[in-house]
Every structure is written in structure tokens, then in C-alpha cells.
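The figures that follow rest on heavy atoms only: side chains count, while hydrogens, waters and symmetry mates do not.
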Amino acid sequence: MALPFVRSLCLCRWGAKRLGVGAAEARRAISFKLEEKTAHSSLALFKGDTGVKYGIVGLEPTKLALNVERFREWAVVLADTAVTSGRHYWEVTVKRSHQFRIGVADVDMSRDSCIGVDDRSWVFTYAQRRWHTMLANEKAPIEGIGQPEKVGLLLEYEAQKLSLVDVSRVAVVHTLQTDFRGPVVPAFALWDGKLLTHSGLEVPEGL
């Protein structure tokens, strides 16, 4: 069953297409914030909901508003803007985090799961000083990129691709072949430190 906010996102997107503005939206760089309603209780948002930080104790779950959109088991948060078409690029600054995942996920993925564990999310994971791709709990190593300070993600919806970008060289490091079947959103998970997102960016030349 689709989640309430998922239905709203889908209706907004399809409504926009019916009004003839879908193509214009597809050309516009994606701009998003992190959706507090989805954030696990161990996560706190900052800098106008563009950053997320991990707390060992986190917020007391009983003090959080009850809703079906919040991740219950894993330290995950989703963005508030869904993508159904186009090429989109955003960047992530890594602040003292040594274990995190970044990518995209179906808007209605299970809130009892973690991104990278199921087959409806596509992520790049960093842990133990190594990068891997992760899909359906299967990992594959990525070479050619070291300790991150800032990385980019390039989403190509129609081409069914998600790429990890080395921002210092403006070069694609690795590309995941995806299987999008509906709206997807930027997705993040972390177990220490902070991540700060930068959206509203045009796709760099050469990518």
C-alpha cells in the first residue's frame, strides 16, 4: 500500500505533466531538502534540513510524532522531492563520517528496511575506508576514489543509471545500472558524523 506522502508526490508530478510543465521540470536541476518525517530517531537535521547528523543516543522515539513515513529500524532519511524523469546532479559533503550510504530509493520503500538492503534502492556505500556499490544486500568494490570530502551523484532516469562522481576531477567513478519503476528520491544513511547535501546544481559539463 502506498504511503500518504507518496501518493501526494505522485499526484503532484502527474498533475504537472497534465498541465504541460513536465518537460520544463525535467530540464530544471533537482532541488531538495531532507524530509524530517522520514528520519530515523538517531538522526537530526540541520542547516535548513539540507544536512543530517548521527547521534549515538538520538532522539527519544516516544517524543517523535508517530507516522508511517519514519524509518523505524535503520538510520535512514529520504529527500522531499521525487524524480520521474530527466538527468539530475547533486553533491554531498562528508563531515567526519566514516560509514555512510548515499543513493536513491523508491519513494514507498519499506520503513523497516535500509537503503542498499532491498532491491528498490540503489546506493554507494563507504565503510572501512573503501567504497562499494550495494543492491539487494550485495556489495561490489569500487576503485579509483579515496577518502571522501565531497562526492557527486548523477541520476539519469530514462537511461536507468546512477553514477558516483569524483568532484575534484569532475569524472564518473562508477555507474550503477538501475531498475526504476516509478518515482525515486535521494536517500541517505549514516552511522557517524554528518552529511551535508547540495542540490539545485546543473549537471557539470562533460558528464
Side-chain angles (χ1 to χ4, degrees), residues 3 5-6 9 28-61 63-65 67 69-83 88-107 109 111 113-117 121-132 134 145-155 162-168 170 173 183-204 207:
L3 299 173
F5 88 110
V6 171
L9 280 170
R28 189 180 308 148
I30 183 176
S31 182
F32 63 82
K33 291 186 177 182
L34 303 178
E35 180 57 76
E36 193 279 332
K37 292 180 181 179
T38 68
H40 183 265
S41 60
S42 65
L43 302 178
L45 305 187
F46 67 96
K47 201 168 184 179
D49 293 346
T50 61
V52 57
K53 59 183 177 180
Y54 177 81
I56 296 177
V57 177
L59 300 175
E60 171 56 47
K63 295 182 180 180
L64 293 172
N67 67 79
E69 300 165 24
R70 191 177 305 282
F71 281 86
R72 293 175 283 274
E73 302 295 331
W74 298 84
V76 177
V77 62
L78 302 181
D80 63 359
T81 303
V83 174
H88 304 277
Y89 176 80
W90 60 95
E91 295 179 346
V92 181
T93 295
V94 181
K95 297 188 173 184
R96 299 185 300 280
S97 183
H98 302 282
Q99 187 176 1
F100 60 88
R101 298 175 189 176
I102 55 176
V104 297
D106 282 358
V107 291
M109 73 167 287
R111 291 335 192 230
S113 186
C114 184
I115 57 174
V117 172
S121 57
W122 301 265
V123 304
F124 299 102
T125 177
Y126 184 82
Q128 298 179 337
R129 300 185 179 182
R130 296 293 303 272
W131 283 95
H132 292 81
M134 193 170 183
I145 185 170
Q147 177 75 25
E149 292 184 2
K150 181 185 286 186
V151 293
L153 289 178
L154 175 63
L155 171 62
L162 179 69
S163 298
L164 180 66
V165 177
D166 183 336
V167 299
S168 65
V170 193
V173 176
V184 295
V185 290
F188 309 86
L190 72 160
W191 290 271
D192 63 359
K194 305 175 183 180
L195 299 177
L196 180 62
T197 66
H198 312 276
S199 62
L201 307 175
E202 296 294 334
V203 177
L207 294 185

Which heavy atom of [X] sits nearest to which heavy atom of [Y], and what is that distance?
X	Y	value
L190	V52	CD2-CG1, 3.8 Å
T38	L78	OG1-N, 3.0 Å
V77	A39	CG2-CB, 3.8 Å
V76	C114	CG2-SG, 3.9 Å
T81	P186	O-CD, 3.7 Å
V94	P148	CB-O, 4.0 Å

Task: Beyond-backbone contact of H40 with E73, side-chain heavy atoms, under 4.5 angstrom - done: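 They are not in side-chain contact.
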- [ ] State, yes or no, whether a side-chain contact exists between M109 and R111 at a heavy-atom distance under 4.5 Å.
- [x]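 The answer is yes, as the side chains (C-beta and beyond) meet within the 4.5 Å cut-off.
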Using modelled atom types only, decide if a donor and an acceptor are shared between the side chain of [X] and the backbone of [Y] within a distance under 3.5 Å.
X	Y	answer
W131	G146	yes
R70	E36	yes
T125	M134	no

Task: Neighbour count above 12 (heavy atom, 6.0 Å) for Q128 CD - done: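 Count not over threshold, so no.
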TODO: Please work out whether the ring planes of F32 and F188 are parallel, tilted or perpendicular, with thresholds of 30° and 60°.
DONE: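 Plane angle between 30° and 60°, so tilted.
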Task: Passing option when W122 is tested against I115, V104, L155 for side-chain contact (heavy atoms from CB on, under 4.5 Å) - done: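 Checked I115, V104, L155 against W122; only one passes side-chain contact (heavy atoms from CB on, under 4.5 Å): V104.
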Open item on the list: Tell me every residue that passes side-chain contact (heavy atoms from CB on, under 4.5 Å) with K53, counting only those two or more places apart in sequence or in another chain.
Closed with: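 Result, side-chain contact (heavy atoms from CB on, under 4.5 Å) vs K53: A44, F46, K194.
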Open item on the list: Under 6.0 Å between ring centres: does that hold for Y126 and W191?
Closed with: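 Y126 vs W191: aromatic centres not under 6.0 Å.
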